[in-house]
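Remarks on the structure that follows.
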Amino acid sequence: RKSFLNNPKQATPLYTFAYSERTLFYYEHFIISMFLSNAKIVLGLSLVVNVVHAKYYSMYVWTRAFDEEATECNGVFPASKNAFGGACFNHAWETPEARAHLWASCKVPGREVTRIFLSDVKKRTQNNGKNGDGVCDPNLMTTLEEARARGIEVYGLFADSDAAFSERNKATYLAQFNTECGTAAASFDGVSVNNEHFSSIKSCNPDNDYELDQLAVLDALNETAFNAGPLPLHFSVSWNWDCCSCSSSSYDQRLLTWNGEEKSALEHMIDITDSVDVQVAWNTGSTMQRRSLRPYQYWAANKMGSTSSTAFYVLAYTNPNSDCRQSFAPHRKGSDVAIDDTCSTGDRTEAGMYNALDEVVDTETYARGGIHYHGGVYSSGMPGWPKHD
């Protein structure tokens, strides 16, 4: 106990164990390292920590969520959110009814979501933390307050996904909001960024010579992390940003020298940010585990425990994709039926998603599942996807 409490990274009172989701992974190290005479106690406590830790999820909450009951859509998730004049989608959190559905979706017993990445915050915070009317946005204040009362962390989400990495300039908004509007009951817990420009320049072909562009992304991400301060920065990454050749038989890392160190692009990104979710873009647990393993191992060896908020999420897509293997949605993007059974892989249901994420965590003990996204089609009421209310 003394050696545990003397470690500044793990100096959390033991009695907070049942209440602090952020520090659960510290206690596994504590339990494993303790020299107790009763091995059964050690094993029992360790198993409890693993089971609890594995079930805490993150979830993307984009601005609009699919309304399965909208008559225009006949229960089919349209290829465009603007289809039928946008009638198939409702704002995901602006009304009391939408928030009630969101919170219920976060509190599925044994599958609790404890961190959400909340979209539609830019215009509500861009005026020195205030909205366009120069006031603290009331709907946002209420959402943050209700989330905190339920033990759910809220990271404001920015997703310009452009070459200029415009998110770097918006990262300041949320700390400004906390200063101008935040209270003990309502404030942002972090900043999240979804910028996928790296995918368009990830080639390792020397004829393309994208290295300077790739290094520029790292510079921009580093600036974003600085601008987000004192809030932690979460970043969404793709599993194949780590490699030039990504097959298991001929894996070749994409190495970049940045900040005086040669590492893979993805390893640099993990170093720069506080937490990440890895887009594995597949719907079977074995492939999700294989694609996330290398970044997980790097995070576990170099990042885990460095802050109280660091985390590693493996992301499951639930929104329809033209390649059905990349998503747990019950139909392909652009389908005219709510469910099709022609996909060659995966159990494309909520239960199938959870089983696949469990398979990942069986090997990657400290990883967590990430859901992309609320109302798309998670908790929508589509076939295989119960609506949580």
Side-chain angles (χ1 to χ4, degrees), residues 58-64 79-81 116-122 155-171 190-205 208 210-225 227-228 233-244 246 253-254 256 258 264-283 287-288 291-292 294-296 298-299 311-323 325-329 333 370-374 376:
S58 67
M59 183 166 68
Y60 278 83
V61 182
W62 293 104
T63 303
R64 293 190 285 173
S80 168
K81 289 185 178 180
I116 61 174
F117 307 121
L118 190 72
S119 186
D120 194 24
V121 300
K122 179 182 78 71
Y155 281 47
L157 173 60
F158 300 108
D160 298 276
S161 214
D162 57 1
F165 216 98
S166 298
E167 297 90 347
R168 76 178 94 187
N169 301 315
K170 301 176 176 67
V191 177
S192 55
V193 166
N194 184 283
N195 185 306
E196 301 183 17
H197 172 62
F198 197 89
S199 290
S200 66
I201 57 168
K202 67 182 178 66
S203 172
C204 298
N205 187 332
N208 293 328
Y210 281 132
E211 184 172 336
L212 290 179
D213 295 324
Q214 294 169 4
L215 291 171
V217 169
L218 298 180
D219 288 336
L221 183 61
N222 191 51
E223 183 181 352
T224 306
N227 289 344
L233 177 65
H234 175 89
F235 189 48
S236 186
V237 300
S238 176
W239 71 281
N240 58 17
W241 293 356
D242 187 65
C243 43
C244 295
C246 301
Q253 279 194 308
R254 175 182 291 99
L256 295 172
W258 182 85
S264 76
L266 192 47
E267 289 171 349
H268 284 304
M269 293 172 185
I270 292 172
D271 286 344
I272 292 168
T273 60
D274 185 67
S275 61
V276 295
D277 65 75
V278 179
Q279 303 172 30
V280 289
W282 210 256
N283 63 13
T287 297
M288 294 169 73
R291 289 182 172 184
S292 61
R294 285 178 180 265
Y296 168 75
Y298 182 82
W299 173 86
F312 182 94
Y313 298 100
V314 178
L315 197 65
Y317 291 148
T318 69
N319 49 302
N321 191 291
S322 55
D323 183 346
R325 299 171 299 174
Q326 295 186 18
S327 171
F328 288 90
K333 184 176 181 179
I371 300 171
H372 185 279
Y373 58 96
H374 172 64

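These numbers were taken from a predicted model, which means no experiment stands behind them.
Using a distance-only test at 3.5 Å, with no hydrogens or angles considered, no donor-acceptor pair links the side chain of Glu167 to the main chain of Ala220. Within the 3.5 Å criterion, the main-chain N or O of Arg325 finds a donor-acceptor partner in the side chain of Asp323. A side-chain donor-acceptor contact under 3.5 Å links Ser161 to the backbone of Glu196. Although no hydrogens or angles enter the test, the distance criterion places no donor-acceptor pair under 3.5 Å between the side chain of Arg254 and the main chain of Ala265. Side chain of Arg294 to main chain of Asp242: no donor-acceptor pair is present (N/O by atom type, distance under 3.5 Å, no hydrogens or angles). A donor-acceptor distance shorter than 3.5 angstrom exists from the side chain of Thr318 to the backbone of Gly376, with no hydrogens or angles considered. Counting only distance, with no hydrogens or angles, the side chain of Asn227 and the backbone of Ala171 share no donor-acceptor pair below 3.5 Å. In this structure, Glu211 contributes its side chain and Leu256 its backbone to no donor-acceptor pair below 3.5 Å.
Counting heavy atoms from C-beta outward, Leu157 and Trp62 have side chains that approach closer than 4.5 Å. Inter-residue side-chain proximity for Pro295 and Trp241 is flagged as unmet; no heavy-atom pair is nearer than 4.5 Å. Looking only at side-chain heavy atoms (C-beta outward), Trp258 and Asp219 come within less than 4.5 Å of each other. A heavy-atom distance below 4.5 Å is not found between the side chains of Val217 and His268. A heavy-atom distance below 4.5 Å is found between the side chains of Tyr317 and Leu315. Asn195 is listed as a side-chain neighbour of Asp162, based on a closest heavy-atom distance under 4.5 Å. Between Asp271 and Tyr298, the closest side-chain pair of non-hydrogen atoms falls below 4.5 Å. In this structure the side chain of Gln253 reaches within 4.5 angstrom of the side chain of Glu267, judged on heavy atoms.
For Lys81, the NZ atom counts as densely surrounded, since its 6.0 Å shell holds more than 12 non-hydrogen atoms of other residues, nucleotides or ligands.
Residues Asn194 and Gln279 approach most closely at ND2-NE2, 4.0 Å, considering heavy atoms. The two atoms that bring Ser292 and Phe312 nearest to each other are O-CZ, 3.7 Å, heavy atoms only. Across Ala164 and Arg168, no two heavy atoms sit closer than the pair O-NH2, 2.8 Å. A pairwise comparison of heavy atoms in Val278 and Ser238 identifies CG1-C, 4.5 Å as the closest pair.
Listed by chain and number, the residues in a side-chain hydrogen bond (donor to acceptor under 3.5 Å, both in side chains) with Asp277 are Tyr60, His234, Ser236 (sequence neighbours excluded). Listed by chain and residue number, Leu221, Leu233, Phe235, Val276 satisfy the side-chain contact (heavy atoms from CB on, under 4.5 Å) test with Thr273 (two or more places apart in sequence, or in another chain).
Of the inter-residue distances, the one linking Met59 atom CE with Phe117 atom CZ reads 10.5 Å to the nearest 0.5 angstrom. The distance from atom CZ of Phe328 to atom CG of Asn319, rounded to the nearest 0.5 Å, is 12.0 Å. Taking NE2 of His374 as the start and OG of Ser119 as the end, the distance is 12.5 Å to the nearest 0.5 Å. Here Asp160 contributes atom CG and Ser166 contributes atom OG; the two are 4.5 Å apart, rounded to the nearest 0.5 Å. Note that the CE atom of Met269 and the CZ atom of Phe198 stand 4.5 Å from one another [nearest 0.5 Å]. Interatomic distance, Leu266 CG to Trp299 CH2, rounded to the nearest 0.5 Å: 13.5 Å.
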Should Val314 and Tyr296 be marked as a side-chain contact (heavy atoms from CB on, under 4.5 Å) after you check the CA-CA gap, both sets of side-chain angles, and the distance that decides it?
CA-CA 9 Å; Val314 178; Tyr296 168 75; over 6 Å; no
Could you check Tyr210 against Lys202 for side-chain contact (heavy atoms from CB on, under 4.5 Å), going step by step and ending with a plain yes or no?
CA-CA 7 Å; Tyr210 281 132; Lys202 67 182 178 66; over 6 Å; no
